2 protein chains.
Amino acid sequence: MVTIMNRRREMRPRLRMTRQRRALLAAIEEAGGHPTADEIYRIAKRRLPRISLGTIYRNLGILAEHGLVQSIEAAGRQRRFDADAARHYHVRCMGCGRLDDVRMKSICHVERAARAATGYEITGHRMELLGLCRGCATERDRKRKGAQRSPAKQGGA
Amino acid sequence: MVTIMNRRREMRPRLRMTRQRRALLAAIEEAGGHPTADEIYRIAKRRLPRISLGTIYRNLGILAEHGLVQSIEAAGRQRRFDADAARHYHVRCMGCGRLDDVRMKSICHVERAARAATGYEITGHRMELLGLCRGCATERDRKRKGAQRSPAKQGGA
DNA sequence: CTAGATGCAAACTGTTTGCTCCGGT
DNA sequence: ACCGGAGCAAACAGTTTGCATCTAG
């Protein structure tokens with residue numbers, strides 16, 4: 001993420017555009033949203049049946065370093081990737097786990113505040129919003145309403 | 001016959017204060033900062049040599065649910081825990097990996113913005129600041145001075 | 001032609017779980 | 001005494017790596 005600034009410092013070992021990398025990039029696009037390495041793997045395999053997960057991971061790392069994809073490392077066990085390398089926020093649904101983009105302006109003023117508070121030289125921040133997507137919120141309401149009427153209900157499902 | 005009547009979903013099954021849990025809590029305190037499960041394990045083991053990592057994880061989860069510790073799930077591979085259960089932000093040094101508290105007020109207004117942008121029912125946010133701690137910044141400057149060659153420094157901020 | 005990438009499988013790391021016995025309340 | 005908790009080890013999931021072979025530039 002900070003790598004964009006010092007691209008000059010480290011000479012770029014020009015990225016070899018292999019068949020696999022192309023497929024990888026295409027797979028992320030095709031997946032849309034924020035696929036996991038495994039989802040990308042499955043899609044890429046449709047074109048290149050012999051591609052391996054190791055290659056996926058290796059290249060996801062490399063492409064991220066080159067700013068061609070974004071690696072989203074937030075809470076949870078699994079990393080996700082985003083074809084949109086521009087900085088933007090994400091929101092995660094606590095109900096179903098889906099991840100969506102959030103279009104809002106950057107709150108980079110927090111970085112100034114944090115510097116004042118810590119003495120760190122702040123270079124960035126990473127934020128993830130948490131909540132319930134519309135679907136899960138609706139579902140939650142439905143359940144809540146049902147539970148209100150008969151709290152001790154235990155009929156099947 | 002299961003008595004579901006008094007088993008409301010949200011009900012806290014009052015926490016049994018075992019020797020292990022006490023040791024666990026003590027270990028987090030003693031570790032200070034933001035220990036990993038493994039660090040906590042090592043410290044707790046000094047008192048309770050037979051305590052197991054499984055117990056550590058199980059209880060870390062439970063104690064976090066009860067708000068007695070905070071689980072910090074940010075970028076990186078490993079989860080960290082914090083004896084201070086009150087919500088506060090953290091900053092991670094990209095140089096040496098250390099994690100520090102940031103004392104600044106919550107930016108919960110982002111949650112409103114995010115709701116407007118996504119339709120999600122936002123319940124919270126998680127933010128991690130990134131930067132360089134004083135030590136690493138100093139070191140970086142030292143190196144930079146040695147490597148500096150071009151006198152032209154346009155808009156260098 | 002050759003530095004660097006691939007495929008494969010095995011290694012690793014952090015975390016979770018099934019089971020049996022134990023110990024708080 | 002009862003029931004959740006502890007210990008242990010094996011299972012797991014996601015990711016990384018060593019190595020022989022291939023390939024883009």
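In what follows, every chain begins at residue 1, and chains take the letters A, B, ... in the order their sequences are listed. Note: hydrogens, waters and symmetry copies are ignored here, and every other heavy atom, side chains too, is used. Everything quoted here is computed from the prediction, not taken from an experiment.
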Q) OP1 or OP2 of C:dC8 less than 4.0 angstrom from a side-chain nitrogen or oxygen of A:S52, does that happen here? A) no
Q. Can you tell me if B:E121 uses its side chain to pair, donor with acceptor, with the backbone of A:L132 under 3.5 Å?
A. no
Q.
I need the CG-C1' distance between B:L15 and D:dC3, as an integer number of Å.
A. 15 Å
Q. Quick one: CG on A:L24 to CD1 on A:I43, what's the gap to the nearest 0.5 Å?
A. 10.5 Å
Q) Taking CZ from B:R50 and C1' from D:dC8, how many angstroms apart are they, rounded to a whole number? A) 9 Å
Q.
Rounded to whole Å, please give me the gap between CE in B:M17 and P in D:dA6.
A. 10 Å
Q. Can you tell me if the side-chain N/O atoms of A:Y57 get under 4.0 Å from OP1 or OP2 in D:dT16?
A. no
Q) Rounded to whole angstroms, how far apart are CG on A:N59 and P on C:dA5? A) 8 Å
Q) Would you say the side chain of A:H88 lies within less than 4.5 Å of the side chain of A:R103, judging by non-hydrogen atoms? A) no
Q.
Under the side-chain hydrogen bond (donor to acceptor under 3.5 Å, both in side chains) test against A:H90, which residue among A:R80, A:H34, A:E128 passes?
A. A:H34
Q) Counting side-chain heavy atoms from C-beta on, which of C:dT6, C:dG23, D:dG7 comes nearest to B:R16? A) C:dG23
Q: Whole angstrom is fine here: how far is it from CG in A:L48 over to C1' in C:dA5?
A: 13 Å
Q) Does a distance-only test, which skips hydrogens and angles, find a donor-acceptor pair under 3.5 Å between the side chain of A:R58 and the base of C:dG7? A) yes
Q: Considering non-hydrogen atoms only, spot the tightest contact between B:T118 and A:R134 and give its length.
A: O-NH2, 3.8 Å
Q: Just call it for A:D38: base, sugar-phosphate, or nothing, with non-hydrogen atoms closer than 4.0 Å on any strand.
A: nothing
Q | B:R19 vs A:I51, nearer the 5' end of DNA chain C by closest nucleotide | A | A:I51
Q) What's the CZ-C1' distance between A:R42 and D:dG14, to the nearest Å? A) 13 Å
Q) What's the CG-P distance between A:L53 and C:dA11, to the nearest Å? A) 18 Å
Q: Round to the nearest Å and state the distance from B:K45 atom NZ to D:dA6 atom P.
A: 16 Å
Q) Quick one: is D:dG5 close enough that its OP1 or OP2 comes under 4.0 Å of any side-chain N or O from B:R21? A) yes
(Q) With a cut-off of less than 4.0 Å, is there a side-chain N or O of B:Q20 near OP1 or OP2 of C:dG23? (A) no
**Q.** Below 4.0 Å: OP1/OP2 of C:dT6 and any side-chain N or O of A:T18
**A.** yes
